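Have a look at the structure below before the remarks.
In what follows, every chain begins at residue 1, and chains take the letters A, B, ... in the order their sequences are listed. This is a predicted model, so every value here is computed, not measured.
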There are 2 protein chains.
Amino acid sequence: MSDEEKKTRLRLREFLPYRLSVLSNTVSRGIANLYDREFGLTIWQWRVMAVTGDAPGISATEIGQRTAMDKVAVSRAIAGLIEVGHIERKTSESDGRRSELFLTKAGQDIYEMIVPIALDAERKLMETLSSDEQDQLNRLMQKLAASASPDRPLW
Amino acid sequence: MSDEEKKTRLRLREFLPYRLSVLSNTVSRGIANLYDREFGLTIWQWRVMAVTGDAPGISATEIGQRTAMDKVAVSRAIAGLIEVGHIERKTSESDGRRSELFLTKAGQDIYEMIVPIALDAERKLMETLSSDEQDQLNRLMQKLAASASPDRPLW
DNA sequence: GTCAATTAGTTACATATGAAACTAATAAAG
DNA sequence: CTTTATTAGTTTCATATGTAACTAATTGAC
């Protein structure tokens, strides 16, 4: 068999973009179920709560940047969270377009319940990896993320 | 700061499920654009073509298993591919419910054009990794996939 | 054989998502 | 100032997606 012929074979199960997608979807589905079941939150709502808890007073635009969500998704997640009373919005004094977001007391309580559960799920996911392997994973993901960055189009 | 307090902090950017999701979406978006731009295919249509090219005569159900797609997505992808003439369907002789799928000549031609392009995109994505790192990546992804398997619920 | 249960695949419906248009506020140019 | 351009965020609309209901064919129990 010639080299060209060999290279022309594509096995989906060994194809990195496919494997990444399947792995990510499996993990996301599990976590999404967890958040929804336990707290009635979507993944996007949880992401918004996570960064709002970490940086109170953050704006919707900034949330979008920190969470890799587009502004429509952010807007909808915020609307839902306000409706159920987990976050509140104050219009910025200095800029009337901007609103500043904060967890309410109820939101804080939920936040503090989810964080350990989420970290625990992550720990369980990684527990089959040795500490060295966890470091490797970190490094590899950073490299791949840089490699796939839309600033540096591969395709 | 107590241990409990330290553990309670969750930084989204360092949270594996989040990082996986962002990486996978970045890669998928790039590849989806490529397939669509060059060949007018969705990712799902491409997955169906990939396995049909690799295993002619495969059924829709089997495609679902090999591609981690649900049967509705498979059905729709097939419908689209038949419509544009990339695949054809023959009802199984032995089982009238089952249909067997094949690339048409046109489908074959496209398949043979895409495969090297897809492999090349994968190569570019991984080219920042040394050969050792590529092996590590393989191993780590296998372990994570096993760890996240829905058969072994973590959450 | 006949009837209930299973399987392959499609269709219908309800929800999720993203692009583009829109509103309101601020900034920048003259 | 006033008018033009930009920015923050929301709404609209068209498409994508998943669940559940459905159709058609096969298998299994009797």
With a 4.0 Å cutoff (strictly under), does any side-chain N or O of [X] reach OP1 or OP2 of [N]?
| X | N | result |
| --- | --- | --- |
| B:Ser75 | C:dT10 | yes |
| A:Ser99 | D:dG9 | yes |
| A:Arg89 | D:dT10 | yes |

Rounded to the nearest Å, what distance is computed from the [atom1] atom of residue [X] to the [atom2] atom of nucleotide [N]?
| X | N | atom1 | atom2 | answer |
| --- | --- | --- | --- | --- |
| A:Leu101 | D:dT10 | CG | P | 9 Å |
| A:Asp70 | D:dG9 | CG | C1' | 12 Å |
| A:Met69 | C:dA19 | CE | P | 14 Å |
| A:Glu100 | D:dA8 | CD | P | 13 Å |
| B:Glu93 | D:dA25 | CD | P | 15 Å |
| B:Asp36 | C:dG18 | CG | P | 16 Å |
| B:Lys71 | D:dT17 | NZ | P | 18 Å |
| B:Arg76 | C:dG9 | CZ | C1' | 13 Å |

*What's the verdict on side chain to side chain contact (heavy atoms under 4.5 Å, CB included) for B:Val48 and B:Trp44, showing C-alpha distance, side-chain angles and the deciding distance?*
CA-CA 6 Å; B:Val48 167; B:Trp44 291 272; 5.8 Å; no

*asked:* For a quick check under 3.5 Å, do B:Thr42 and B:Arg76 share a side-chain donor-acceptor pair by atom type?
replied: no

*Mapping B:Arg98 and A:Asp95 onto DNA chain C by nearest heavy atom, which one lands closer to the 5' end?*
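Looking at the nearest nucleotide for each, B:Arg98 comes out on the 5' side.
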
*So what does A:Ser59 touch, heavy atoms closer than 4.0 Å: a base, only the sugar-phosphate, or nothing?*
sugar-phosphate

*Backbone N/O of A:Leu125 and side chain of B:Ser147: donor-acceptor pair under 3.5 Å*: yes

*Heavy-atom neighbours of A:Arg139 CZ exceed 12 at 6.0 Å*: yes

*Any N or O donor-acceptor pair linking the side chain of B:Arg97 to the base of C:dT7 at under 3.5 Å?*
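Such a pair is found, so the answer is yes.
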
If you check the [X] side chain, which of [options] turns out closest?
| X | options | answer |
| --- | --- | --- |
| B:Ala60 | C:dA21, C:dG9, D:dG18 | C:dG9 |
| A:Trp44 | C:dT17, C:dA12, D:dT17 | C:dT17 |
| B:Val72 | D:dT11, D:dG9, C:dT11 | C:dT11 |

*Taking NZ, NE, NH1 and NH2 as the nitrogens, is one of them in B:Arg98 or B:Glu62 under 4.0 Å from a carboxylate oxygen of the other?*
yes

